[in-house]
Protein chains: 2
Amino acid sequence: MKRKVSLKDIAQHVGVSTALVSYVLNNQEKEKRVGEEMAARIRKAAGELNYQPNQIAKSLKSGKTYTIGLIVADISNPYSANIARIIEDEAKRNGYTVIFGSSDENADKSWDLINVLLNRQVDGFIIAPSEDSESQILYLKENNIPVVLIDRYFPSVPANYVAIDNCKAAYEAVMHLIRNGYRRIGMITYKTKLFHLQERVKGYQKAIEDSNLLDDQSLIKEARESNLKEEVQQQIDELLSLSEPIDALFFASNKLAVNGLKHIKNLKIMVPEKLAIVGFDETEAYDLYHCPITYVKQPMLELGRSAVKLLLDVIKDDSVKDISNLDTELIIRESSGNKK
Amino acid sequence: MKRKVSLKDIAQHVGVSTALVSYVLNNQEKEKRVGEEMAARIRKAAGELNYQPNQIAKSLKSGKTYTIGLIVADISNPYSANIARIIEDEAKRNGYTVIFGSSDENADKSWDLINVLLNRQVDGFIIAPSEDSESQILYLKENNIPVVLIDRYFPSVPANYVAIDNCKAAYEAVMHLIRNGYRRIGMITYKTKLFHLQERVKGYQKAIEDSNLLDDQSLIKEARESNLKEEVQQQIDELLSLSEPIDALFFASNKLAVNGLKHIKNLKIMVPEKLAIVGFDETEAYDLYHCPITYVKQPMLELGRSAVKLLLDVIKDDSVKDISNLDTELIIRESSGNKK
DNA sequence: AAACTTTGCTTAATCGTTTAAGCTGTTCAA
DNA sequence: TTGAACAGCTTAAACGATTAAGCAAAGTTT
């Protein structure tokens, strides 16, 4: 690799010290009293030699890398990829670049990633924390490393976060089903301690209670990420073969919904006539289902942008802001239509 | 932010020079003849102080950042996100991290990104090049900056690349339709000069010719990325209202296919009875369509991994390897079933 | 003309590492 | 008892930038 042009090269080329070159190229000519003619010569040389400052050297000196570490569950998941894209754009708009890593919902991997990124001196983190990673967030906070949580957070860990009101979102989704005449509503979620998913269950339960429906715990099924496809299939089978089978099904994520819908399609169950469906989060797959799926839509743009803005604020003045939960929107389509 | 522990801190703590600490922590104690007891004390101190080396400083010294710059069209696109994830994993396995950027198929943005990443001293690039970005690749090559192109390449620009044989893949997809009895096969592609998409058209045409079907240019439609939804709809309408309408449709990408399928669903056209469909690239959306879509599957894992391996080879010894085109697989499902 | 002030530049330290070169003291062969 | 060989450490320069401090020459004030 051809060695890059450095400040020194310009200095030698013009016949001055590197200090002068640095002043001029950082537009400090006025404050630092650099001669007009000299400044012009330096700028000209920098242009001719196509000088590009070495950010690594700058970073070492300044202690700032203008880099954000982004840790998501899995960058190949549409939800993560979407957020990543928005964060990328907002970061770029502010002169930051993004280094990312996928934790696979695994606390060990997440810890690894945090360390790798810390060693690369990221200025701060945006993290969608995985289960059992409370201590990692605490560690960052204790060391005064700027962090903003996104999508999820731990009620036990005081930290800046940007998220939706999951309980409310689930509540509204289920209430919508109830209003449309459904009475036996099943829910499929992940087997996890993650607070935001617990909240979705809580919202579901609150809607059931508020509507004086039978609060039947056996209607709530928990699938494990590791064996998702099989467990979702089995759980749908169970929900459908109850003595009082379900007439509606609420999925706690788009991945769960897509897996479930494949099975429901194979079973040739009429949606929404026999079974109404509401999903969580967007995916283009919802549109291709024979009857478009109703789903809870998160304000992705706002989530991503707020996360970056909040992080940059924290990086700037280290103060803890708080962010209110963002509102979701229920996109109502045919899959949750009125019960015949 | 609490200042991090540096080599100097350890040195002072133990009462030795930083050089010694560096030798020990880099496991050069034998070569550099460091006393056993001393080495142990240094290691102990490093552990107690929780020393983490500053990669920025290392990079400045070594000229290596162990960072790969990844430029894709759009990280929120499932194809890009998938590749990104594979690249991330393979990079991590080799001690590299990934900085990414989305070019939005725009040469100016791509040039911006290259410069930003160059200033951050990435050791090399993996790029899915956008239209009209030949000069950028040439620039990198001229400056001996390691680059590997992925998914796409320019026949006019000699460069390392990892890609599939797009012509062959399209040929096989269309031949499959022909073998199943379809005769009027339309194709929807992007309006672009990008070689890999031209190749897909070429493969389509070759299949038509080899089968002695009517080579009708009006069956090939080109939609513009900027106005995709509307143009795809209109073009499907056109293809269906020809005096001799199409009985099969080949989409050059998954994004085109998903947009097209939404329209076809709204038109209530029976697939594959009235219209057979073959798509390009995977998406979970294909599975939820009432009749699962046949598609060309790229060997994503191999593409991503080969790209990283090739790049690391180039970084190591600067020699130009060549990579053969990888094979695709046609995943045959109901949407291209035998013509009744 | 002496005493400041201003202008326009240079010097050198610094960030946290790496690493070639040098310095001391011990051991051992001749 | 001299000096070569070696073990075990330190010194200092370097990577490429930033920036406080200093210095010489010219200009201004009294």
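Below, read A as the first sequence line, B as the second, and so on, with proteins coming before strands; counting in each chain starts at 1.
Put simply, B:Lys58 has a side-chain N or O that comes within less than 4.0 Å of OP1 or OP2 on C:dT18. Dashed line: the shortest gap from a side-chain N or O of A:Lys32 to OP1 or OP2 of D:dA20 is under 4.0 Å. Distances shorter than 4.0 Å separate some side-chain N or O of A:Ser17 from OP1 or OP2 on C:dT10. Close to C:dT18, at under 4.0 Å from its OP1 or OP2, lies a side-chain N or O of B:Ser22. The side chain of B:Asn26 places an N or O atom within less than 4.0 Å of a non-bridging phosphate oxygen (OP1 or OP2) of C:dT18.
A heavy-atom distance below 4.5 Å is found between the side chains of B:Ile150 and B:Ile83.
Judged by the 6.0 Å and 45° rule, A:Lys193 forms no cation-pi pair with A:Phe195.
Atom pair B:Asp9:CG and C:dT17:C1' shows a separation of 13 Å (rounding to whole Å applied). What separates CD of B:Glu37 from P of D:dA7 is a distance of 17 Å, to the nearest Å. As rounded to whole Å, 13 Å separates atom C1' of D:dA13 from atom CG of B:Leu60. Between the NZ atom of B:Lys30 and the P atom of D:dA7 there is a distance of 12 Å, given to the nearest Å. The interatomic distance linking B:Glu29 (CD) with C:dT19 (P) rounds to 16 Å, in whole Å. Straight-line distance from the CZ atom of A:Arg120 to the P atom of C:dC15: 23 Å, rounded to whole Å. Atom CG of B:Leu20 is separated from atom C1' of C:dA20 by 15 Å (rounded to the nearest Å). Protein atom CD of A:Gln121 is 12 Å distant from nucleotide atom C1' of C:dT17, rounded to whole Å.
Comparing B:Lys61 and B:Val34 by the nucleotide of DNA chain D whose heavy atom lies nearest to each, the residue mapping closer to the 5' end is B:Val34. Each of B:Ile56 and B:Gln28 has a nearest nucleotide on DNA chain C; the 5'-most of these lies closest to B:Ile56. Comparing A:Ala57 and B:Arg33 by the nucleotide of DNA chain D whose heavy atom lies nearest to each, the residue mapping closer to the 5' end is B:Arg33. Of the two residues contacting DNA chain C, namely B:Pro53 and A:Glu36, the nearest-nucleotide position lying further toward the 5' end is that of A:Glu36.
When distances run from any side-chain atom of B:Ala19 to the nucleotides D:dT11, C:dT11, C:dT17, the shortest one goes to D:dT11.
The base of C:dA20 is paired with the side chain of B:Tyr23 by a donor and an acceptor separated by under 3.5 Å.
A:Glu31 and A:Tyr23 share no donor-acceptor pair across their side chains, judged by distance under 3.5 Å alone.
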List the steps, then state whether side-chain hydrogen bond (donor to acceptor under 3.5 Å, both in side chains) holds for A:Glu134 with A:Ser156.
CA-CA 8 Å; A:Glu134 287 93 334; A:Ser156 60; 4.7 Å; no
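In this structure, the side chain of A:Lys141 engages the main chain of A:Pro158 through a donor-acceptor pair within 3.5 Å.
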